[in-house]
Amino acid sequence: MNKIYRIYRELLDSFGYQNWWPVHRDTDRFLEVSVGAILTQNTNWSNVEKAIENLLKENALSWETLLNIDIQELKQLIKPAGFYNQKAVYIKNFVKNTYKKPKRALTREFLLSIKGIGEETADSILLYGLDRLHFVVDAYTRRIFHRAGIIDSEKTSYRKLQNLIEESIPRDLTVYKEYHALIVELAKRHCRKKPVCDGCPIRNLCNAA
DNA sequence: AGCCAGGCCAAGC
DNA sequence: GCTTGGCATGGC
């Protein structure tokens with residue numbers, strides 16, 4: 001078994017299934033994942049949760065409402081998530097561009113053409129919102145794989161790292177979904193900017209420890 | 001009280 | 001192509 005897949009197995013054994021992406025009942029999964037993915041750009045998830053609660057409170061986590069809501073009101077609702085001026089524009093722009101699209105038209109290339117949707121956001125939407133086999137790469141992935149000695153720089157390009165991972169693990173939706181979620185969990189518990197290697201489940205697989 | 005958080009875009013090499 | 005600055009709140 002290759003090292004990338006071994007790390008996955010170890011994380012799954014230690015942390016268990018994460019069951020991402022968390023969504024609420026009675027919302028459109030594709031929509032909630034997309035809005036959450038935009039809101040969480042460079043932002044702590046606990047702040048995103050506050051913003052989502054505000055949206056739910058106002059019944060604003062629906063296509064209909066987001067299409068029609070006043071931009072200034074939307075900004076106020078999502079304020080806790082930070083960068084709210086641009087994120088409100090991104091959300092408005094996203095729903096306007098996707099609400100009438102058939103699912104098959106929602107390709108990676110199309111999503112990337114929408115202002116505010118970059119590679120990580122697009123892949124998060126595709127994987128967790130649309131069940132498409134796209135691995136999500138983020139800053140944590142780069143940090144962890146760099147420290148583990150799998151890549152030689154944290155600046156390794158998105159596509160290069162994504163290809164490397166996708167070649168190393170089974171083409172399986174659950175594996176893709178869980179692995180990214182487990183990476184985030186590892187980064188929060190141990191592989192922080194200032195590493196806490198004590199008790200790290202992949203310590204024996206890591207160069208930095 | 002500073003550092004950090006599940007990036008993205010525009011401008012400038 | 002890659003680098004840099006701006007965007008903002010809340011928890012530790």
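Since this is a predicted model, take the numbers as computed values, not measurements. In what follows, chains carry the letters A, B, and so on, assigned in the order in which the sequence lines appear, proteins first and then strands, with residues in each chain numbered from 1. Hydrogens, waters and symmetry mates play no part in the numbers below; they use all other heavy atoms, side chains included.
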Would you mind reading off the distance between [X] atom [atom1] and [N] atom [atom2], rounded to a whole angstrom?
{"X": "A/R159", "N": "C/dG1", "atom1": "CZ", "atom2": "P", "result": "12 Å"}
{"X": "A/L39", "N": "B/dA5", "atom1": "CG", "atom2": "P", "result": "18 Å"}
{"X": "A/K155", "N": "C/dT4", "atom1": "NZ", "atom2": "C1'", "result": "11 Å"}
{"X": "A/N85", "N": "B/dG7", "atom1": "CG", "atom2": "P", "result": "20 Å"}
{"X": "A/E154", "N": "C/dC2", "atom1": "CD", "atom2": "P", "result": "16 Å"}
{"X": "A/Q76", "N": "C/dA8", "atom1": "CD", "atom2": "C1'", "result": "13 Å"}
{"X": "A/L77", "N": "C/dA8", "atom1": "CG", "atom2": "P", "result": "16 Å"}
{"X": "A/N42", "N": "B/dG7", "atom1": "CG", "atom2": "P", "result": "6 Å"}

Answer yes or no for this row: A/Y140 ring on B/dG6 base, centroids under 5.5 Å, planes under 30°.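 Per 5.5 Å and 30° rule: no stacking.
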
Quick check, does A/W20 stack with B/dG6? I mean ring centres under 5.5 Å and planes off by under 30°.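 By the stated criterion, A/W20 and B/dG6 stack.
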
Just name whichever nucleotide pairs with B/dG12, Watson-Crick or G-U, keeping both distances under 3.5 Å, else none.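 Partner of B/dG12: C/dC2.
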
Pair assignment for C/dT9, Watson-Crick or G-U wobble, requiring both distances under 3.5 Å: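 Per the H-bond distance test, B/dA5.
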
Expressed in whole Å, how much space separates the P atoms belonging to C/dG10 and B/dC8?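 These two P atoms come out 22 Å apart once rounded.
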
Looking only at atom P, what distance separates C/dG6 and B/dG6, rounded to whole Å?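 Here C/dG6 and B/dG6 have their P atoms 23 Å from each other.
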
So what does [X] touch, heavy atoms closer than 4.0 Å: a base, only the sugar-phosphate, or nothing?
{"X": "A/A51", "answer": "nothing"}
{"X": "A/F83", "answer": "base"}
{"X": "A/D138", "answer": "sugar-phosphate"}
{"X": "A/K188", "answer": "base"}

How about A/K3: does its NZ atom have over 12 heavy atoms from other parts shown lying under 6.0 Å from it?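 Enclosed: over 12 neighbouring heavy atoms sit under 6.0 Å from NZ of A/K3.
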
Measuring to OP1 and OP2 of B/dA5, would you say a side-chain N or O of A/R143 lies under 4.0 angstrom away?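 Affirmative; the distance criterion is met.
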
Answer yes or no: is there a side-chain heavy-atom contact under 4.5 Å between A/R189 and A/P201?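 Side-chain contact under 4.5 Å: no.
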
Would you say the side chain of A/D138 lies within less than 4.5 Å of the side chain of A/V184, judging by non-hydrogen atoms?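 Counting from C-beta outward, A/V184 and A/D138 do come under 4.5 Å.
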
Report, as a single string ordered 5' to 3', how protein heavy atoms within less than 4.0 Å touch nucleotides 8-13 of chain B: B base, S sugar-phosphate only, - not at all. SSS---

Name the residue closer to the 5' end of DNA chain C, choosing between A/T43 and A/S46 according to the nucleotide with the nearest heavy atom.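 Per heavy-atom nearest nucleotide, the more 5' residue is A/T43.
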
With nearest nucleotide decided by heavy atoms, which residue, A/N47 or A/S157, maps closer to the 5′ end of DNA chain C?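 Per heavy-atom nearest nucleotide, the more 5' residue is A/S157.
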
Exam field: side chain A/K79 to backbone A/A51, donor-acceptor pair closer than 3.5 Å: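 Here the side-chain-to-backbone pair does not exist.
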
Treating Ile, Leu, Val, Met, Phe, Trp and Tyr as nodes and any side-chain heavy-atom pair under 4.5 angstrom as an edge, say whether A/I117 and A/F83 lie in one connected cluster.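 No; A/F83 is not reachable from A/I117 via cluster members.
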
Quick check on the hydrophobic clustering: are A/M1 and A/I144 connected, directly or via other members, by side-chain heavy-atom contacts under 4.5 Å?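 Linked, A/M1 and A/I144 end up in one cluster.
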
Result of checking A/I38, A/T43, A/L39 against A/Q41 for side-chain contact (heavy atoms from CB on, under 4.5 Å):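 Only match with A/Q41 under side-chain contact (heavy atoms from CB on, under 4.5 Å): A/I38.
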
Among A/Q162, A/H180, A/R132, find the residue that satisfies the side-chain hydrogen bond (donor to acceptor under 3.5 Å, both in side chains) test when tested with A/D123.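 For A/D123, the side-chain hydrogen bond (donor to acceptor under 3.5 Å, both in side chains) test succeeds with only one of A/Q162, A/H180, A/R132, which is A/Q162.
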
What's the closest nucleotide to the A/A139 side chain, out of B/dG7, B/dC4, B/dG6?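 The answer is B/dG7, which lies nearest to the side chain.
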
